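Any value given below was found using the heavy atoms of this structure, including those in side chains, with hydrogens, waters and symmetry copies removed. In this text, all values refer to a predicted model and were calculated from it rather than measured experimentally.
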Amino acid sequence: MIFNDVIYGSTSCEMVQVNENEISARLGAVIEHNSDLVNQYIAIFNENVVYRYAYVKLPFKYENGNCYIDDIEIQSAALSRVLNDANYVYLLAVTTGIGIDKLISKMSIQNTVGSYYIDGIASASIESYIDHVNDILCNGLNVTKRFSPGYSDFPIEFQDYLLNRLSAKETLGIMLSDDHLMIPTKSITAVIGIK
């Protein structure tokens, strides 16, 4: 679907292959000894997840050591290094939806172990999901690696612009806290350069 010039939609959980190594890394040794329990919580996670994505393609320029996305100046040496050959960028956001936050919160009261499992599965899942969307979006293009606000010297405050530009509240249900953290918490934003 299109909202203004933002393309957004959802993806069924069957389309997202969650990396088992990522789940293992999030849950530690627990996964090796309790694979049946992990699978049980993966099923619960899948019943509550709503994978959503939104992206927009914008012009990019690099001048005098600064990046300009859609004429918005960003002072970040790290972002400049990543994007300096790009002509355009994708602004991208993905989320597992607010239902996962609610499930983790509810389980933290009723079932602490379940909360731990769901949190780890959700963290692994959102990483796998952004990889999935990235692969589809960038297929056949010469692109840079993803770079997210808050990483290195890329100001976290850029989240405000990025999410506003994606109409993320309307398209994804993502809002920002006062300290620029996303709600739902299992959400990721990124900038990808297109050469």
Side-chain angles (χ1 to χ4, degrees), residues 1 3 6-55 91-134 146-151 154-191:
M1 294 184 275
F3 186 88
V6 175
I7 298 170
Y8 70 101
S10 60
T11 306
S12 69
C13 61
E14 292 80 22
M15 297 296 295
V16 181
Q17 298 297 316
V18 180
N19 184 312
E20 289 183 20
N21 291 333
E22 188 71 28
I23 293 175
S24 182
R26 301 289 176 159
L27 297 179
V30 169
I31 193 169
E32 295 173 17
H33 304 293
N34 298 303
S35 60
D36 289 341
L37 191 56
V38 171
N39 289 332
Q40 184 179 37
Y41 283 114
I42 288 172
I44 293 168
F45 171 83
N46 286 339
E47 290 171 6
N48 290 274
V49 69
V50 180
Y51 288 114
R52 291 188 182 135
Y53 65 88
Y55 67 91
L91 299 185
L92 171 65
V94 296
T95 187
T96 59
I98 197 67
I100 297 302
D101 280 10
K102 290 178 180 178
L103 179 63
I104 292 168
S105 180
K106 178 181 172 186
M107 284 191 149
S108 70
I109 296 166
Q110 300 173 345
N111 179 353
T112 306
V113 171
S115 175
Y116 171 79
Y117 275 83
I118 296 294
D119 188 78
I121 291 164
S123 294
S125 175
I126 194 64
E127 292 291 340
S128 294
Y129 185 48
I130 197 165
D131 289 343
H132 171 79
V133 173
N134 189 117
R146 286 190 310 265
F147 211 74
S148 295
Y151 184 74
F154 186 7
I156 190 73
E157 292 80 10
F158 188 74
Q159 291 284 47
D160 295 9
Y161 170 77
L162 191 153
L163 291 173
N164 282 333
R165 187 62 180 81
L166 290 174
S167 302
K169 186 175 181 182
E170 295 81 7
T171 60
L172 302 173
I174 297 176
M175 296 175 285
L176 281 179
S177 68
D178 290 340
D179 51 359
H180 309 285
L181 299 177
M182 289 179 283
I183 304 164
T185 57
K186 304 305 178 185
S187 302
I188 297 176
T189 59
V191 176

What distance do [X] atom [atom1] and [Y] atom [atom2] have between them, rounded to the nearest 0.5 Å?
| X | Y | atom1 | atom2 | value |
| --- | --- | --- | --- | --- |
| Lys186 | Ile118 | NZ | CD1 | 11.0 Å |
| Ile104 | Ile109 | CD1 | CD1 | 13.0 Å |
| Ser125 | Glu22 | OG | CD | 10.0 Å |
| Leu162 | Leu92 | CG | CG | 8.5 Å |
| Asp131 | Gln17 | CG | CD | 12.5 Å |
| Gln159 | Leu181 | CD | CG | 8.5 Å |

Kindly indicate whether the side chain of [X], heavy atoms from C-beta on, has any atom under 4.5 Å from the side chain of [Y].
| X | Y | answer |
| --- | --- | --- |
| Ile188 | Glu127 | yes |
| Tyr161 | Asn164 | no |
| Asn111 | Tyr41 | yes |
| Leu176 | Asp160 | yes |
| Ile174 | Pro184 | yes |
| Ile130 | Ile126 | no |

[X] side chain vs [Y] backbone, donor-acceptor pair below 3.5 Å:
| X | Y | answer |
| --- | --- | --- |
| Ser24 | Asn21 | no |
| Thr96 | Val49 | no |
| Ser148 | Thr189 | yes |
| Tyr117 | Leu27 | no |
| Thr11 | Tyr53 | no |
| Ser105 | Asp101 | no |

Qualifying salt bridge (Lys or Arg N to Asp or Glu O under 4.0 Å) pairs, either residue in residues 170-180, two or more places apart: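 Listed once each, the pairs would be none.
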Met175/Leu163 under side-chain contact (heavy atoms from CB on, under 4.5 Å): CA gap, chis, key distance, verdict: CA-CA 8 Å; Met175 296 175 285; Leu163 291 173; over 6 Å; no
Where Ser128 and Val18 come nearest, the two heavy atoms and their spacing: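 Answer, listing the atom of Ser128 first, then Val18: OG-CA, 3.4 Å.
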N-O pairing of Arg26 and Asp119 below 4.0 Å: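 Between Asp119 and Arg26 there is no salt bridge, as every charged N stays at least 4.0 Å from the carboxylate O atoms.
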Parallel, tilted or perpendicular, as decided by the 30° and 60° cut-offs, for the rings of Tyr51 and Phe45: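 Perpendicular.
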